[in-house]
Amino acid sequence: MKTVRVRFAPSPTGSPHIGNIRTALFTWLFARRHGGVFILRIEDTDRARYVEGSVQEIMLSLRWLGLDWDEGPIFQSERLPLYRQVAEQLVQSGHAYRCYCTPERLEELRRQQEAAKQPTGYDRRCRYLSEQERAELEASGTPCVIRFAMPLEGTTVFQDAIRGELTFENALLDDFVMLKSDGFPTYHLASVTDDHTMSITHVIRGEEWISSTPRHVQMYRALGWELPVFAHLPMILGTDRKKLSKRHGSVQFVEYIQQGYLPEAMFNFLALLGWSADEDRDLYTREELVERFDLSGVLDHPAIFDGQKLLWMNGVYIRQKSIEELTQLCLPHLQEAGLLPSKPSAEQVEYAQRVIALEQERIKLLSEVVPLTEYFFRDTLDYDEKGVRKWFTQPYAPQMLEMLTVRYSRLEPFDLPNIEASTRAVAEELGVTAAQVIHPTRVAVSGRTVGPGLFEMIEVLGRERVLIRLRAAQHMVHRTQQAAATE
RNA sequence: GGCCCCAUCGUCUAGUGGUCAAGGACACCUGGUUCUCAGCCAGGAGAUCGGGGGUUCGAAUCCCCCUGGGGCUACCA
């Protein structure tokens, strides 16, 4: 059996989105599953739509996901002579012809067809030019394109690895442009030519290409080239069931990277969007996915992209991380937020690690580490309003804070068991439940009503910070109770 | 408008004629663990398989029609 050779062939017309990358992922998975070759090809044949930097974003996204390519990136813009030669060959063999129609005429033609509710499409005027007309047009230097001469009747049938046999009526397919007047090929010419010259065995691409495939099939035949296997992947739709677009919030793939999704979570999630092994499970390692992936498991209906499950999965993978690795992953976010300097000391990293360890099971997105742990790094706290109202108004609060201050000052060592024991002792002395001490104390040392266990939090904060915060809380309690009394 | 593709819980999906009065996961709800949240554990609700006709002893699974959604219909990919 032939070596599998597949390609991911994006056009650099903007930042890649989830759908683009999912196509890359499936293609890569297929290549690795079959010990094949994965090629990156940049389809930069549209000079007008070219967006600077998108090639970098594509490669960055691929690398981040671990989709390594074996050949490329190959730029179609550097292979122009090849496409022209193929187009010329087709003209010579009578499968293509030069068309001198102006864009204006084409537009007018389309307008008329639409008005008459006729199918739109080129009317093949230049296909039937006489030798003399052609020579005159050529001599006058009129710009021209090269169009493919589609068969006028019959059907084009091909097998799609995912959808089975697909049939198209040739009469309904017009003579599409292969080579533009600027000398650049259109997608059809470039991709067919490259897929053949690069010995691509399986053309894996989005479903939006299905209707172009009969054209490609006809080109392969006209050229006498062997057909690859076609596999059209289902699309990914937004929550409004519409094609993914700017309106759907962060659809740009790089934004997911920035927000702190883990590559392993994204990989896992994307693999299950439009493909499924026949198993009741959702969590797979990259290796397990490579072992199982096949085109036969690819679904033939579109999937709606809904980030909830991705977020959950990300949390799962975050919880699986070693604390050292998670810390390294979180550091950039903490630095960007100004909670840590750009070159943190060993002590600062060590502290951050202990903080992150306390929040690991709550973090679903790396960037969440900032709001979740802020109070560990800042000197002044933002007190939760509800928490203050509920706990700082308790009559025993002033005395409680004083007692805690005294006891915490004397603890030796200042560690978890001692902190817990002394805190519970305070509750007992005050004649209140442990919870009645724990909750106001959490507000006092963190400003929050939710967070890690109080004793762990206090231990990590350290005696010095805790005492300062208890002092600040005493003032806060005083003010709060004063205000309540005057009302 | 024309051509093409598609249609199972809100979402991702299992299911290829009988074992399905449809299974799993996310989200949601309840209970347990507990100092809160999260996590974890247990349970619950949630699809008459888009609708209607067939075929068959029997259909989510096969066929037809309708409806709905999507794609293409460029000298864009």
Side-chain angles (χ1 to χ4, degrees), chain A residues 9-14 43-46 48-49 99 101-103 106-107 110 113-114 116-122 143-147 160 162-163 166-169 171-174 176-188 190-191 205-214 232 234-235 237 239 241-243 269 272-283 299-313 315-316 319 359-364 372 387 420 423-424 427 433-443 448-455 457:
Chain A
S11 60
T13 53
E43 313 233 322
D44 55 345
T45 55
D46 185 348
R49 291 209 310 154
C99 167
C101 294
T102 63
L106 262 19
E107 206 173 308
R110 182 162 40 244
Q113 289 168 331
E114 276 168 9
K117 298 215 182 238
Q118 296 292 312
T120 57
Y122 182 56
C144 69
V145 300
I146 293 183
R147 288 183 185 271
D160 183 279
I162 294 163
R163 286 152 225 273
L166 263 24
T167 304
F168 290 80
E169 206 66 46
L172 268 10
L173 270 14
D174 73 347
F176 61 94
V177 173
M178 295 191 306
L179 196 70
K180 303 183 240 182
S181 57
D182 64 1
F184 275 67
T186 60
Y187 173 87
H188 310 296
S191 92
R205 73 220 315 187
E207 152 184 3
E208 66 269 27
W209 292 108
I210 290 181
S211 48
S212 298
T213 308
H232 290 97
M235 306 204 84
L237 272 23
T239 42
R241 296 179 176 279
K242 293 276 189 301
K243 199 178 175 183
F269 178 77
L272 262 27
L273 201 56
W275 172 82
S276 142
D278 178 12
E279 293 177 289
D280 274 351
R281 59 184 279 200
D282 296 279
L283 266 13
L299 283 339
D300 59 3
H301 59 85
I304 292 172
F305 176 76
D306 179 354
Q308 280 182 324
K309 195 165 185 173
L310 170 60
L311 196 58
W312 161 77
M313 204 175 267
V316 171
R319 274 174 251 132
E359 287 291 354
Q360 182 161 13
E361 62 188 21
R362 260 166 292 260
I363 301 176
K364 285 201 169 68
L372 247 21
E420 172 155 10
T423 307
R424 290 191 187 279
T433 63
Q436 286 175 297
V437 167
I438 288 169
H439 294 305
T441 306
R442 177 181 285 106
V443 176
R448 313 282 179 91
T449 55
V450 299
L454 178 69
F455 311 127
M457 185 193 281

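Throughout, protein chains are lettered first and strands after them, A, B, ... in sequence-line order, and every chain is numbered starting at 1. Everything numeric here is computed off the predicted structure, so don't read it as measured data.
- Nearest to the side-chain atoms of A:Asp46 among the listed nucleotides B:C75, B:G24, B:A77 stands B:A77.
- Among the nucleotides B:C12, B:A7, B:C75, the one closest to any side-chain atom of A:Leu273 is B:C12.
- Using a 4.0 Å heavy-atom cutoff across all strands shown, A:Arg319 reaches sugar-phosphate atoms only and no base atom.
- One finds no side-chain N or O of A:Arg281 lying less than 4.0 angstrom from the OP1 or OP2 phosphate oxygen of B:A14.
- Spacing of C1' atoms, B:U13 relative to B:C6, comes out at 16 Å, to the nearest Å.
- Shown here are the salt bridge (Lys or Arg N to Asp or Glu O under 4.0 Å) partners of A:Asp282, two or more places apart in sequence or in another chain: A:Lys309.
- Considering only residues two or more places apart in sequence or on other chains, A:Tyr122 meets the ring-ring contact (aromatic ring centres under 6.0 Å, His included) condition with none of them.
- Separating the P atom of B:A59 from that of B:A21 is a span of 12 Å, rounded to the nearest Å.
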Atom pairs under 3.5 Å, N or O on each side, protein against nucleotides 68-73 of chain B: can you list them with distances?
| residue | atom | partner | partner atom | Å |
| --- | --- | --- | --- | --- |
| B:G70 | OP1 | A:Lys242 | NZ | 2.7 |
| B:C72 | OP1 | A:Lys243 | NZ | 3.3 |
| B:C72 | O4' | A:Ser211 | OG | 3.3 |
| B:C72 | O2' | A:Ser211 | OG | 3.1 |
| B:U73 | O2' | A:Thr120 | OG1 | 2.9 |

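- Partners of A:Glu114 by side chain to side chain donor-acceptor pair (under 3.5 Å), not counting sequence neighbours: none found.
- In this structure A:Arg49 satisfies the salt bridge (Lys or Arg N to Asp or Glu O under 4.0 Å) test together with A:Asp46, sequence neighbours excluded.
- Using atom P as the reference point in both B:G50 and B:C72, the two lie 25 Å apart (nearest Å).
- Using P as the reference atom, B:G10 and B:G51 are 13 Å apart when rounded to the nearest Å.
- Taking the charged nitrogens against the carboxylate oxygens, A:Arg110 and A:Glu107 have no contact shorter than 4.0 Å, which rules out a salt bridge.
- Residues forming a salt bridge (Lys or Arg N to Asp or Glu O under 4.0 Å) with A:Arg424 (at least two apart in sequence, or on another chain): A:Glu420.
- Of the candidate nucleotides B:C3, B:G39, B:C12, B:C12 has the atom nearest to the side chain of A:Ala303.
- Rounded to the nearest Å, the gap between the C1' atom of B:A14 and that of B:C20 is 11 Å.
- With values rounded to the nearest 0.5 angstrom, A:Ile146 atom CD1 is found 11.0 Å from A:Ser181 atom OG.
- A:Arg205 and A:His232 form a side-chain donor-acceptor contact under 3.5 Å, judged by distance and modelled atom types alone.
- Here A:Cys101 lies in heavy-atom contact (under 4.0 Å) with a base.
- Contacts of A:Pro185 with the nucleic acid, taken as non-hydrogen atoms under 4.0 Å apart, involve only primed sugar atoms and P, OP1 or OP2.
- Set against B:U11, B:C76, B:A25, the side chain of A:Lys180 has B:C76 as its closest nucleotide.
- Figure legend. B:U30 is base-paired to B:A42; pairs are counted as Watson-Crick or G-U wobble with both atom distances under 3.5 Å.
- Here A:Ser276 does not reach the OP1 or OP2 of B:U13: none of its side-chain N or O atoms lies under 4.0 Å away.
- When heavy atoms are screened at a 4.0 angstrom cut-off, A:Leu299 is found touching the sugar-phosphate backbone but no base atom.
- Contacts of A:Phe184 classified as ring-ring contact (aromatic ring centres under 6.0 Å, His included), with partners at least two apart in sequence or in another chain: none.
- One finds the CG atom of A:Asp174 at 7.5 Å from the OG1 atom of A:Thr120 (value rounded to the nearest 0.5 Å).
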List, with names and distances, any nitrogen or oxygen atoms from the protein found under 3.5 Å away from nitrogen or oxygen atoms belonging to nucleotides 41-50 of chain B.
none

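- Taking the side chain to side chain donor-acceptor pair (under 3.5 Å) definition, one finds that A:Ser276 meets it with nothing, sequence neighbours left out.
- Side-chain atoms of A:Arg49 lie closest to B:A77 of the nucleotides B:A14, B:C75, B:A77.
- In this structure, A:Val145 reaches the bases: a heavy-atom distance under 4.0 Å links it to at least one base atom across the strands shown.
- Here, B:G46 and B:G24 have their C1' atoms 14 Å apart, quoted to the whole Å.
- Rounding to whole angstrom units, NE2 of residue A:His301 and C1' of B:U11 are separated by 12 Å.
- For the P atoms, the distance linking B:U48 with B:U61 amounts to 15 Å, nearest Å.
- B:A60 sits 10 Å from B:G18 when the P atoms are compared, rounded to a whole Å.
- For A:Thr45, a side-chain nitrogen or oxygen approaches OP1 or OP2 of B:A77 to under 4.0 Å.
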Expected string for nucleotides 26-37 of chain B under the B/S/- scheme (protein heavy atoms, under 4.0 Å, primed atoms plus P, OP1, OP2 as sugar-phosphate) is SS-------BBB
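- Under the ring-ring contact (aromatic ring centres under 6.0 Å, His included) criterion, A:His439 pairs with A:Trp391, sequence neighbours left out.
- Within the nucleic acid shown, A:Ser181 comes within 4.0 Å of at least one base atom, counting heavy atoms only.
- Scored by the salt bridge (Lys or Arg N to Asp or Glu O under 4.0 Å) test, A:Asp300 finds no partners at all (sequence neighbours excluded).
- Here A:Thr433 lies out of heavy-atom contact (under 4.0 Å) with every strand.
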